[in-house]
Each structure stands twice: as C-alpha cells, then as structure tokens.
Amino acid sequence: MYKSPRGTSDILPDDQIYWRILNKNIEKISSEFGYGRIDTPIIEDAKLFVRGIGKLTDIVEKETYTFKDRGDNLLTLRPEGTAPICRAYLQHGMQNSTQPIRLFYMLPNFRYERPQSGRYRQHHQFGAENIGESDPNIDCEIIEYAWRFLKNVGLSKLNLEINSIGDKQCRPKYITTLKEYYNSYTNDLCEDCIRRLENNTLRLLDCKKTECKKIISKAPNNLDYLCDECKQHWELLLLYLSDIKLPYIINRRLVRGFDYYTRTVFEITPKTIGSTTAIAGGGRYDGLIEELGGPETPGIGFGIGMERVILELKNQSIPIPKNNNNKILIANLGLKSKHTAISIASFLRKNGITTILGPSSKNLRRQLKYASSIGSTHVIIIGDDEIQKNKLIIKNLSSGTQDSIPNKPNDLVKMLSNN
RNA sequence: GUGAGUGUGGCCAAGUAGGUUAAGGCGCCAGGUUGUGGCCCUGGAGAUCAAGGGUUCGAAUCCCUUCACUCACCCCA
C-alpha cells in the first residue's frame with residue numbers, strides 16, 4: 001500500500017480547525033503590523049540557498065531536496081523562507097520603494113532530515129521579513145510580532161531568548177578569541193565540539209554535554225566583544241523591549257544555524273518541561289541582500305513552525321472553539337420523497353445551511369443513527385405520509401422533540417439559520 | 001549520518017520458556033424496532049501477526065536480513 005513519504009503527513013478534516021485558527025491569526029496580526037503577504041515558488045535556483053544560507057551549513061550540505069529538471073537547471077525545494085524573499089525583493093526592485101519593506105509568508109518548507117517529534121521533512125512556516133532598516137526598533141517590532149502571534153493563538157508559558165552575535169566587524173574577532181580559548185581544551189571536548197571548533201565555532205556555546213558546559217561557563221562572553229555600534233544597537237533593543245513590557249531572557253549561548261545572521265538573534269521556546277525545541281526563531285541579516293548581489297541592505301525576520309505551534313497547543317490543552325452552526329440531515333424514505341429531499345437540500349445549502357442527504361438505502365432508524373454519529377443538530381424527515389400531506393417532520397436531535405410543519409422551504413431557512 | 005525502542009484487522013491492543021479455529025475493546029455492517037437517533041442486546045464482515053529468508057514435525061513467538069514507525073543526537077521551525 002502507498003504511504004505518504006517519510007516525514008510528511010496528511011492534514012485530516014479533524015485537524016483542519018487548527019490550521020484555520022492559525023491562518024486567521026496570521027492574517028489578523030500581519031494586518032495590524034502592516035505587513036503584506038508574499039508567496040514564493042516552492043522551487044528555487046539551488047545557488048540561492050548556497051549563497052544565502054551558507055555552503056557549510058548542515059541545511060545546505062545534507063538537508064536540501066535538490067534535483068535537475070529536464071532543462072538541466074539545478075533546483076532546490078525551499079528549505080527556509082528568508083533567502084527566497086530577499087531574492088524577490090531584488091527581483092522586483094523593492095529597494096527602489098520607500099524603505100523598509102514589510103512582508104510576511106505562510107509556506108511549506110522542505111528539509112531532508114530524520115523526522116522526530118516536531119520535526120518533519122515538509123513543515124510550514126509563518127514568517128515575516130522587514131528589509132531596509134537597521135534601527136533596533138525594527139528588531140523590537142519583529143520580536144513583538146512573533147510573540148503576539150503566539151499569544152493570540154492561545155499559547156502561554158513561553159520564553160523569549162535573545163542574544164547579539166555582532167556584525168562583520170566584531171564577530172570575526174570574537175570567533176578568533178573563542179577559538180584561542182578552546183584550543184587549550186581540545187582534549188576535554190566532545191567529538192561534536194571538536195568538529196564545531198573548525199566549521200561552526202559559535203555553536204560550541206550551545207553544546208549540551210556536561211563536560212563541555214563547564215568549558216562554556218568560563219568562555220569569553222560575546223556581549224563583551226561587541227563593537228560600539230553593535231553594543232548600542234543591542235542596548236537600545238533591550239530598552240525598547242522594556243518599553244512594551246515584553247519579558248526577555250538574555251541567552252549568550254543562543255546562536256543560530258544560518259550563516260547570514262548578524263547582531264540580534266532570538267528564539268521563542270515553550271516552558272514545558274522536556275521540550276527545548278524552539279517554536280519560533282529569527283534574527284537580523286544585514287549582509288544577506290548584498291551576498292545575493294544587491295546593494296548593502298539591512299534586514300530582520302522570524303520564522304514560526306506551524307506544526308510545532310499545533311503540537312504546543314495540544315500540549316497545553318488549549319481549548320479550540322467549536323463550530324456551533326446547525327447541521328441538517330434530511331432523512332428520506334422511498335423514491336418519491338427522495339425528489340423532495342434533494343430539492344430541499346439544495347435550497348438549504350443555497351441559503352448557507354449545512355445540509356446532508358441521509359443514506360436513502362437505509363431505514364429511518366439507521367438514518368437517524370447516522371445523523372447522530374456525524375453530529376447533526378436537526379433531522380428533516382420526509383416519507384410517504386409527508387409527501388401526501390405536503391408536510392415535513394423536523395426533529396431537534398439534542399432535545400429529541402419534533403414537529404410536523406408545512407413544506408415551505410423559506411420557513412425552514414428561517415428556522416434553521418444560524419443567526 | 002549515529003544511537004535506542006516498537007511493528008498483531010481501520011484504531012487501541014491480549015498472546016512471546018514454539019503446539020490444533022490468533023482473545024478482547026472501539027469503529028464498521030446487519031437485526032432486535034417493517035417510520036424515530038444517542039443507551040442496551042444479538043449476529044456478521046474484516047489479519048498473508050511489517051516483509052523476506054532460516055531453524056523445527058510445528059513459528060505471531062527462536063535466529064538472520066530488509067523495511068517502516070517513534071524517540072534522541074547532529075541540525076533545526
């Protein structure tokens with residue numbers, strides 16, 4: 001039997017309510033913050049991500065779905081949202097409009113990795129990018145935007161962790177200092193950290209092994225190595241976050257996997273015990289547009305994993321509003337009544353009422369049973385007696401009461417309308 | 001890519017010192033009620049026990065291989 005490919009899943013009707021809630025909140029909050037929606041293709045030129053995310057990052061090295069099309073073009077299934085949006089920014093000449101540009105998206109991403117809890121080969125991210133402005137109030141805006149979205153969909157018990165990893169001036173100096181520090185501890189490091197020392201130095205700070213944690217605690221503090229501009233930017237951001245009373249945790253070990261990040265990086269994680277994975281992450285990428293061939297342009301954005309948000313909504317047992325609208329089943333008995341049933345169903349639907357025709361091969365008892373099992377609120381019963389008298393029986397399934405009424409579709413609509 | 005755990009009808013599962021027809025529950029279908037649901041009762045359908053190979057008179061059960069799923073690591077939303 002065929003199965004959905006590893007790390008992908010079907011979103012069945014019962015789960016769609018979560019996606020409706022998320023989509024509704026995405027539109028609402030994005031409009032409140034003044035961001036415009038952008039949809040980019042699922043495929044992009046493979047080079048976009050090599051240049052954008054970084055050749056040596058794990059995502060590009062081993063996690064992209066990359067293939068040649070029939071025209072020999074090397075294409076990649078989008079693994080993240082920021083690089084394509086920067087591409088679109090340049091392609092459509094947005095640098096010529098008034099800056100900054102505010103964009104948001106809600107799109108599937110693809111990464112070839114081993115699936116586990118909250119990690120899939122196809123996952124959806126809601127993200128936003130603010131391009132063309134470096135003032136720290138924009139950093140504050142982006143963080144508030146992500147934070148408020150998560151609050152709005154109903155999540156609580158969240159931590160906001162922030163850090164600054166410097167810019168192209170001060171970051172290399174810090175990395176050199178860090179390398180020098182670590183070089184005297186190479187015998188005490190775990191295997192992964194030995195590798196990190198070479199190709200992902202900042203990540204050394206993020207190791208969870210106890211032996212490495214000791215070394216981390218005495219490592220030089222990145223915040224002490226920020227250049228004056230970065231330091232001022234960082235301190236202003238903290239003030240702005242205080243202005244809007246957004247509680248943050250400074251985590252100097254917070255570093256992120258993409259090469260393009262500069263200055264501000266942040267993550268939002270649930271406080272739930274055991275779950276350390278971020279449901280939202282983002283940061284500033286002041287060098288990215290230039291790296292992609294554009295002018296020197298600052299930018300900052302976030303990505304929120306929708307599947308992780310839904311997991312957390314379920315974890316926190318957030319109540320999901322139910323649809324209380326009336327749902328009608330028309331039970332019909334015999335061929336003659338079927339004609340009437342079909343036309344009444346059609347009429348009710350045209351008037352916005354959810355209507356399902358009962359399985360006419362079954363007797364009345366089975367049709368009522370069916371109505372109960374699918375959650376109908378009312379059943380309209382049409383049999384030979386009703387046809388003869390030009391009447392209908394309408395039965396309320398929650399109270400169990402029923403009435404015989406004249407067959408007047410307009411009256412039915414009045415009775416069954418939800419408002 | 002590395003490590004651990006788990007695979008028995010659509011779903012949840014019992015059964016593993018090998019032994020005749022592989023429990024049970026949910027769900028599904030039908031009857032009890034030929035025109036009245038939810039509860040109840042009765043019956044029915046549905047399983048090459050993940051797949052392949054091996055050991056054995058005999059394998060869901062023991063051995064080997066493969067695959068899938070889950071969790072963790074790397075990394076990430």
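Below, chain A is the first sequence line, B the second, and so on; all start at residue 1.
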Quick one: the side chain of [X] and the base of [N], do they pair up donor-acceptor inside 3.5 Å?
| X | N | answer |
| --- | --- | --- |
| A/Q402 | B/U36 | yes |
| A/R365 | B/U36 | no |
| A/S372 | B/G38 | no |
| A/E312 | B/A77 | no |

Between [M] and [N], how far apart are the [atom1] atoms? Round to whole Å, please.
| N | M | atom1 | value |
| --- | --- | --- | --- |
| B/C28 | B/C75 | C1' | 44 Å |
| B/A23 | B/U48 | P | 15 Å |
| B/G32 | B/C62 | P | 48 Å |
| B/G24 | B/A68 | P | 34 Å |
| B/G3 | B/G44 | P | 50 Å |
| B/G38 | B/G46 | C1' | 26 Å |
| B/G27 | B/A51 | P | 28 Å |
| B/C39 | B/U33 | C1' | 14 Å |

Which value, rounded to the nearest 0.5 Å, describes the distance between A/K271 atom NZ and A/Q316 atom CD?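 Reported to 0.5 Å precision, the distance equals 10.0 Å.
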
Let me know the distance between CD of A/E63 and C1' of B/G1, rounded to the nearest Å. 11 Å

Report the distance from atom NZ of A/K327 to atom C1' of B/G38, rounded to the nearest whole Å.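 After rounding, the gap between these two atoms is 16 Å.
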
Can you see if the side chain of [X] gets near the phosphate of [N] - specifically, an N or O under 4.0 Å from OP1 or OP2?
| X | N | answer |
| --- | --- | --- |
| A/K62 | B/C75 | no |
| A/R114 | B/A72 | no |
| A/K362 | B/A30 | yes |

Under 3.5 Å for both donor-acceptor distances, Watson-Crick or wobble: does [N] have a partner, and if so which one?
| N | result |
| --- | --- |
| B/C49 | none |
| B/U55 | none |
| B/C29 | B/G43 |
| B/A23 | none |
| B/U34 | none |
| B/G5 | B/C69 |
| B/G18 | none |
| B/U61 | none |

Under a 3.5 Å cutoff, is there a donor and acceptor pairing between the side chains of A/E141 and A/Y35?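 Yes, A/Y35 and A/E141 have a side-chain donor paired with an acceptor closer than 3.5 Å.
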
For A/E180 and A/N183, test the side chains for any donor-to-acceptor distance below 3.5 angstrom and give the result as yes or no. no

With ring-ring contact (aromatic ring centres under 6.0 Å, His included) as the criterion, how do A/F302 and A/F126 come out once you've worked through the C-alpha distance, each side chain's angles and the decisive distance to 0.1 Å? CA-CA 8 Å; A/F302 66 77; A/F126 157 47; 5.4 Å; yes

Glycosidic class, syn or anti, of B/A17 using a 90° window around 0: syn

5'-most by nearest nucleotide on RNA chain B - A/T401 or A/R366: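 Final value for this comparison: A/R366.
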
Of A/G118 and A/N363, the one whose closest nucleotide on RNA chain B sits nearer the 5' end is A/N363

Base, sugar-phosphate alone, or nothing: which one does A/G400 contact when heavy atoms must sit under 4.0 Å apart? base

Hey, does A/K395 reach any base, or is it just sugar-phosphate, or nothing, if we go heavy atoms under 4.0 Å? base

Salt-bridge criterion met for A/D206 and A/R256 (N-O under 4.0 Å):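 Between A/R256 and A/D206 there is no salt bridge, as every charged N stays at least 4.0 Å from the carboxylate O atoms.
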
Salt-bridge criterion met for A/R284 and A/D139 (N-O under 4.0 Å): yes

Closest approach to the side chain of A/I279, judged atom by atom: which nucleotide of B/U36, B/C75, B/A77 is it?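 For the A/I279 side chain, the nearest candidate turns out to be B/A77.
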
Any donor-acceptor N/O pair, A/R121 side chain to A/R114 backbone, under 3.5 Å: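 No, the answer is negative, given that no donor and acceptor are paired below the 3.5 Å cut-off.
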
